[in-house]
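Naming: A, B, ... by sequence-line order, numbering from 1 per chain. FYI, side chains are in, hydrogens and waters are out, and symmetry mates aren't considered; it's all heavy atoms of this structure.
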Amino acid sequence: MKERRTGLPDLKDAQKGKVVLRFAPNPNGPLSFGHARGLVINSTYREMYDGEFILRFDDTDTKVKPPMLEAYDRIQEETAWLTGRKPDRVVIASDRMEAYYEHASLMLEKGYGYVCRCSAEAFKEHRVGKTNCPCRDQTSLENLELWQQMLDRKFSPGDVVVRVKTDMTLKNPALRDWPALRLQDTEAHPHPRKSIGSKYVVWPLLDFQSAVEDHLQGVTHIVRGKDLMDSTRKQTLLYEHFGWNYPETMYWGRVKVHEWGGFSTSQMRLDIEEGRYPGWGDPRLPTLEGLKGRGISDEALRAFWLELGITQKDISVPLSTLYAHNTKVVDSTAPRLSFIREPVLCSLEGSELPKTVSHPVNPNDEKMGSRTWNMDKGAVYLEQDDVERGALRLKEFADVNLAGSKAIIHSFERSDKRSIVHWITEENSTEGTLLSTSNNEIITQNGRLEKHSLKPGTIVQLERIGYARLQEDGSFILCHEVSIEEK
RNA sequence: GCUCGUGUGGUGUAGCCAGGUCCAUCAUAGUGGGUUUUCAUCCCGCCGACCCGGGUUCGAAUCCCGGCACGAGCACCA
């Protein structure tokens with residue numbers, strides 16, 4: 001019998017204690033579900049190899065995907081929450097501009113690249129026609145001069161770009177003399193970090209910035225999405241110029257969550273700005289904040305991504321998979337609570353009542369204690385739907401037959417197979433609110449909630465309803481229903 | 001169009017590089033049952049897959065060739 005692998009595959013040529021990994025999001029918004037994959041996989045490898053994990057902010061575009069100032073701190077908090085500890089290093093690209101300039105200058109000096117004054121359209125013709133653009137033959141000196149003019153703001157965005165010299169006849173058109181740095185109008189689109197603002201007009205593009213930074217940080221292994229495969233090839237060509245060794249690289253495929261379809265940070269940002277959502281933590285959004293707020297645990301998120309692993313297959317996963325992981329993590333510690341939707345007040349009759357009735361806080365853990373309700377008044381709330389069924393067993397209490405607003409006690413012992421339902425006494429309940437999401441809408445449900453003294457943030461199981469998280473304002477937000485059914 | 005990548009049950013995933021021990025692993029979903037005074041948790045059973053066609057070989061999920069399908073890149077975005 002062959003060994004079946006469990007957990008992540010080994011990193012190639014990895015030595016314990018000498019592995020350096022990184023995850024590099026654009027801080028144009030807080031992290032979302034998809035980012036969690038990069039965080040979970042890379043930080044798990046850090047643990048496996050006792051290596052280092054770098055969180056890097058690739059904030060080099062101020063116009064198309066402008067960074068969001070608050071995101072820098074939030075992403076660090078989210079990283080700590082999800083991976084269980086702080087990154088070993090935090091690198092912000094916009095703080096590293098001098099290093100990128102230095103390498104750009106070196107690249108031009110050595111003839112590894114050139115300053116190209118062709119328009120984007122003109123260059124596209126060269127790219128598809130496999131012909132050299134005229135700028136390609138400039139001398140190092142000419143290139144360095146043009147480079148200085150770029151830095152001196154003698155050009156406007158769009159006029160000029162620094163390219164890496166590869167080979168215009170390469171089979172893959174994406175790799176032909178790819179652009180490394182360009183100009184940005186940072187007067188019109190200043191960088192949101194005050195120390196950066198409009199200080200620079202020349203900015204590196206991802207492939208250049210990332211390649212140089214990976215080398216400078218000593219990154220040994222890169223694990224990222226396969227959409228960046230060509231990026232690896234571009235960067236490898238640059239590494240060859242400089243005589244550097246490119247890190248070992250692994251890729252994962254695209255993941256679609258059936259219920260969410262496509263979403264992007266930029267689009268969410270727009271929706272929030274236009275008021276379609278009140279903020280990034282909205283439970284309808286697939287942000288880490290939104291998921292956490294609904295009661296998805298970090299452990300469940302980790303288990304989810306680890307299970308998918310790093311295959312290059314493009315897959316579509318239902319949310320129920322994530323919920324199944326979450327139930328597993330949360331159930332054993334979730335206190336049970338009674339919440340009555342569409343409450344109907346009934347009076348208990350037909351027998352003398354006990355003083356109190358007790359329920360376990362969690363039936364699988366006696367140590368969590370019990371909930372005790374005072375039965376003096378004999379008034380209880382039941383759900384409308386249950387009342388209509390006529391004969392019920394009130395959980396942990398008695399069989400009753402419904403007659404109007406009377407619940408006549410039939411027996412305390414279980415006498416037949418009638419349904420067991422949750423309930424609450426009037427005295428031990430208050431007004432309560434349960435929020436849930438459906439079809440991109442938030443549904444508010446008011447009802448009678450069992451009194452409790454739980455702290456905000458606690459994830460509970462509302463009996464016969466689902467897992468929910470207690471919010472600051474006292475309302476609950478539904479994470480997922482108790483029985484997860486695929487639709 | 002060019003380039004690259006991927007195809008294992010309903011959904012994921014292991015096995016593929018180094019062919020037999022694979023009548024193919026594990027999970028999830030579905031289904032049936034057990035425990036349980038929750039439509040929860042937990043436990044047990046069942047269900048169900050190697051994209052297609054050739055080739056190599058005593059032997060192919062695994063190697064080779066050809067199809068087909070799906071995805072990504074070809075941005076002065078990340």
For a side chain to side chain donor-acceptor pair (under 3.5 Å) with Glu383(A), tell me which candidate from Arg448(A), Arg389(A), His422(A) qualifies.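 Between Glu383(A) and the candidates, side chain to side chain donor-acceptor pair (under 3.5 Å) is satisfied uniquely by His422(A).
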- Of Glu450(A), Glu396(A), His452(A), the residue whose pairing with Arg371(A) passes side chain to side chain donor-acceptor pair (under 3.5 Å):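 It is Glu450(A), the one option of Glu450(A), Glu396(A), His452(A) that forms the side chain to side chain donor-acceptor pair (under 3.5 Å) with Arg371(A).
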- Between G67(B) and U6(B), how far apart are the C1' atoms? Round to whole Å, please.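 About 16 Å, rounded to a whole number of Å.
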Q. Taking the P atom of each, how far is A49(B) from U25(B), in whole Å?
A.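 Going atom to atom, P in each nucleotide, I get 12 Å.
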Euclidean distance, atom [atom1] of residue [X] to atom [atom2] of [N] [Å, nearest integer]:
X	N	atom1	atom2	value
Asp10(A)	C17(B)	CG	C1'	14 Å
Trp178(A)	C2(B)	CH2	P	25 Å
Asp314(A)	U8(B)	CG	P	11 Å
Arg224(A)	C4(B)	CZ	C1'	14 Å
Asp227(A)	C74(B)	CG	C1'	14 Å
Lys256(A)	C70(B)	NZ	P	12 Å
Met368(A)	A40(B)	CE	C1'	14 Å
Lys234(A)	C76(B)	NZ	C1'	12 Å

message: Check this for me: does the side-chain of Gln461(A) come within 3.5 Å of the base of U38(B) through a donor and an acceptor?
response: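 It does, because a donor-acceptor pair links the side chain of Gln461(A) to the base of U38(B) below 3.5 Å.
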[N] OP1/OP2 closer than 4.0 Å to side-chain N/O of [X]:
X	N	result
Arg393(A)	U38(B)	no
Lys313(A)	U8(B)	yes
Arg176(A)	G73(B)	no
Thr311(A)	U13(B)	yes
Arg5(A)	U25(B)	no
Arg254(A)	G71(B)	no

Starting at the 5' end of RNA chain B, which residue's closest nucleotide do you reach first, Asp331(A) or Met229(A)?
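The answer here is Met229(A).
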Q. In terms of the nearest nucleotide of RNA chain B, which residue is placed more toward the 5' end: Ala174(A) or Asp59(A)?
A.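 Upstream on the strand: Ala174(A).
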With the side chain of [X] defined as its heavy atoms from C-beta on, choose the nearest nucleotide among [options].
X	options	result
Glu396(A)	C76(B), A78(B), U37(B)	U37(B)
Ile420(A)	C76(B), U37(B), U13(B)	U37(B)
Val161(A)	A40(B), G12(B), C76(B)	C76(B)

Report task. Might you confirm whether atom CD of Glu273(A) has over 12 heavy atoms from other residues, nucleotides or ligands at distances under 6.0 Å? Result ->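 More than 12 heavy atoms, drawn from other residues, nucleotides or ligands, come within 6.0 Å of this atom.
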Contact class for Asp61(A) vs. all strands (heavy atom < 4.0 Å): base, sugar-phosphate, or nothing?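 It contacts sugar-phosphate atoms only.
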TODO: For Arg464(A), report the nucleic acid contact type (base, sugar-phosphate, nothing); a contact means any heavy atom under 4.0 Å.
DONE: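 Base: the residue Arg464(A), judged by heavy atoms under 4.0 Å, touches a nucleobase.
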Nearest atoms (heavy-atom pairs only) where Glu307(A) meets His325(A):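 What the structure gives for the nearest pair is OE1-NE2, 3.2 Å.
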* Asked: Has the side chain of Asp159(A) got a donor or acceptor atom that lies under 3.5 Å from a matching backbone atom of Ser156(A)?
  ->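 Here the side-chain-to-backbone pair exists.
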Note to self: Less than 4.0 angstrom from a charged side-chain N to a carboxylate O is my criterion; do Asp185(A) and Arg153(A) meet it?
What the structure shows: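 Looking at Arg153(A) together with Asp185(A), the answer is no, because their closest N to O distance does not fall below 4.0 Å.
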